[in-house]
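Just so you know, ligand 1 is whichever comes first in the structure, and atom 1 is the first atom listed for that ligand.
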Amino acid sequence: MNNKKGRLFVVTGPSGVGKGTILTKFFENNKNDVCYSVSMTTRKPRPVELNGVHYFFVDEDTFKKAIENDEFLEWANYSGNYYGTNKNFVLEKLNNGINVILEIETNGAKKVMEKFPDCISIFFAPPSLEELEHRLRGRNTEDEESIKKRLEVVKSELMMIDKYKYSIINDEVENALNKLQAVYDFETGNKNE
Ligand code: ADP
Ligand code: 5GP
């Protein structure tokens with residue numbers, strides 16, 4: 001019987017910085033004792049996104065009912081859409097000794113950091129604002145209005161950088177991935193004991 005609780009990781013940073021890219025690779029290399037928390041959102045799915053894998057895609061009424069039913073650990077309205085983390089899923093995994101990674105925007109991250117002072121917060125920063133815009137546009141998933149909304153909040157997101165336990169500049173994917181792995185290994189005792 002494993003009585004050790006899982007650790008809660010909060011990964012945040014501006015849209016387009018590369019959080020999803022780095023985490024996808026991270027999960028290819030880390031298959032045991034760690035899981036990704038799939039959020040609920042009212043955003044429309046992108047062509048490559050699958051319901052239940054990338055998000056649980058719902059309409060606004062369903063999301064608001066979930067708020068009323070206290071289903072979220074945190075939720076936020078970002079760029080005109082709602083996003084929220086399922087509370088029961090996260091708590092159950094942590095109680096069963098599984099580490100959980102939340103990939104959420106900065107307002108939600110702040111709420112989780114207040115509720116869970118022991119969580120491990122990681123901020124991904126871009127090498128420059130120009131490169132961030134280049135990546136966001138290059139991803140080709142957002143219309144111009146959504147790109148503008150996402151870029152509008154970047155400076156305020158970056159101003160909070162010293163509130164996180166770790167910050168990682170995503171210059172090269174391999175570089176950032178190695179740093180995330182080092183943080184994960186250190187914080188979980190993986191390969192360090
Ligand atoms: P986020 O999940 O933070 O919104 P994504 O992972 O979707 O960001 O990455 C945004 C775009 O930037 C994608 O097209 C991705 O391929 C690209 N990208 C991610 N990391 C890097 C990097 N280190 N160098 C160049 N391009 C990157
Ligand atoms: P996207 O629309 O690009 O998938 O996500 C937009 C932003 O919402 C990203 O910064 C992403 O990390 C964040 N996000 C995804 N799920 C959640 C969630 O459950 N809660 C909060 N607060 N943010 C989320």
Could you work out, for [atom], the closest of [options] by heavy-atom distance?
atom: atom 7 (O) of ligand 1; options: E174, E131, R139; answer: R139
atom: atom 18 (C) of ligand 2; options: P45, S79, A76, S39; answer: S39
atom: atom 2 (O) of ligand 1; options: P14, G20, G16; answer: G20
atom: atom 8 (O) of ligand 2; options: F72, Y83, Y82; answer: Y83

*Which of the atoms of ligand 1 are close to E172, meaning less than 4.0 Å from one of its heavy atoms?*
23 (N)
_Under 4.0 Å from a heavy atom of D171: which atoms of ligand 1 are those, numbered in the order shown and with their elements?_
22 (C), 23 (N), 24 (N)
*Which one holds for I22 and ligand 1: side chain close, backbone close, both close, or neither close, with close meaning a heavy atom under 4.0 Å?*
neither
*Classify the contact between A176 and ligand 1 as side chain, backbone, both or neither, using a heavy-atom distance cut-off of under 4.0 Å.*
neither
Heavy-atom nearest neighbour in the protein, as seen from [atom], with distance rounded to 0.1 Å:
atom: atom 12 (O) of ligand 2; value: E103 O, 3.3 Å
atom: atom 15 (C) of ligand 1; value: T21 OG1, 3.5 Å
atom: atom 26 (N) of ligand 1; value: R135 NE, 3.5 Å
atom: atom 20 (N) of ligand 1; value: N170 ND2, 3.0 Å
atom: atom 23 (N) of ligand 2; value: E105 N, 3.0 Å
atom: atom 20 (N) of ligand 2; value: E74 OE2, 2.7 Å
atom: atom 4 (O) of ligand 2; value: Y55 OH, 2.5 Å

Number the atoms of ligand 2 from 1 as they appear, then name those within less than 4.0 Å of a heavy atom of [X], with their elements.
X: Y78; value: 6 (C), 7 (C)
X: R150; value: 1 (P), 2 (O), 3 (O), 6 (C)
X: I104; value: 12 (O), 13 (C), 14 (N), 17 (C), 18 (C), 19 (O), 20 (N), 21 (C), 22 (N), 23 (N), 24 (C)
X: K19; value: 10 (O), 12 (O)
X: T85; value: 18 (C), 19 (O)
X: R43; value: 1 (P), 2 (O), 4 (O)

Value rounded to 0.5 Å, distance of [atom1] in [X] from [atom2] in [Y]:
X: F89; Y: I98; atom1: CZ; atom2: CD1; value: 9.5 Å
X: S15; Y: I147; atom1: OG; atom2: CD1; value: 9.0 Å
X: I67; Y: M40; atom1: CD1; atom2: CE; value: 9.5 Å

*Heavy atoms, side chains only, cut-off 4.5 Å: are Y164 and T106 in contact?*
yes
*Is there side-chain contact between P45 and Y55, with heavy atoms separated by less than 4.5 Å?*
no
_Taking Y36 as the starting point, is it possible to reach V11 by hopping between hydrophobic residues whose side chains are less than 4.5 Å apart?_
yes
*Heavy-atom contact under 4.0 Å between N175 and ligand 1?*
no
*Could you tell me whether ligand 1 has any atom less than 4.0 Å away from a heavy atom of S15?*
yes
If the threshold is 4.0 Å, N to carboxylate O, is there a salt bridge linking [X] and [Y]?
X: R137; Y: E144; result: yes
X: E49; Y: R46; result: yes
X: K64; Y: E68; result: no

*Under the salt bridge (Lys or Arg N to Asp or Glu O under 4.0 Å) rule, what do R7 and E187 come out as? Steps first, then yes or no, please.*
CA-CA 8 Å; R7 304 290 315 271; E187 292 287 355; 3.5 Å; yes
*ligand 2 versus E49, non-hydrogen atoms closer than 4.0 Å: side chain, backbone, both, neither?*
neither
*asked:* If we set the cut-off at 4.0 Å for heavy atoms, which region of M40 has an atom near ligand 2: side chain, backbone, both, or neither?
replied: neither
*E92 atom CD, over 12 foreign heavy atoms within 6.0 Å*: no
*For atom CD1 of I169, is the number of surrounding heavy atoms from other residues, nucleotides or ligands below 6.0 Å larger than 12?*
no
*Using side-chain contact (heavy atoms from CB on, under 4.5 Å) as the criterion, point out the one residue from L177, N30, L180 that pairs with L23.*
L180
Per-pair distances, 0.1 Å, donor-acceptor, side chain in residues 109-124, under 3.5 Å, sequence neighbours excluded:
from, atom 1, to, atom 2, distance (Å)
K110, NZ, E114, OE2, 3.4
K111, NZ, W75, O, 2.4
K115, NZ, L73, O, 2.4
S121, OG, K165, N, 2.9

*Is the closest side-chain donor-acceptor distance between E174 and N178 under 3.5 Å?*
no
*Does any N or O atom in G18 lie less than 3.5 angstrom from one in ligand 1, N or O only?*
yes
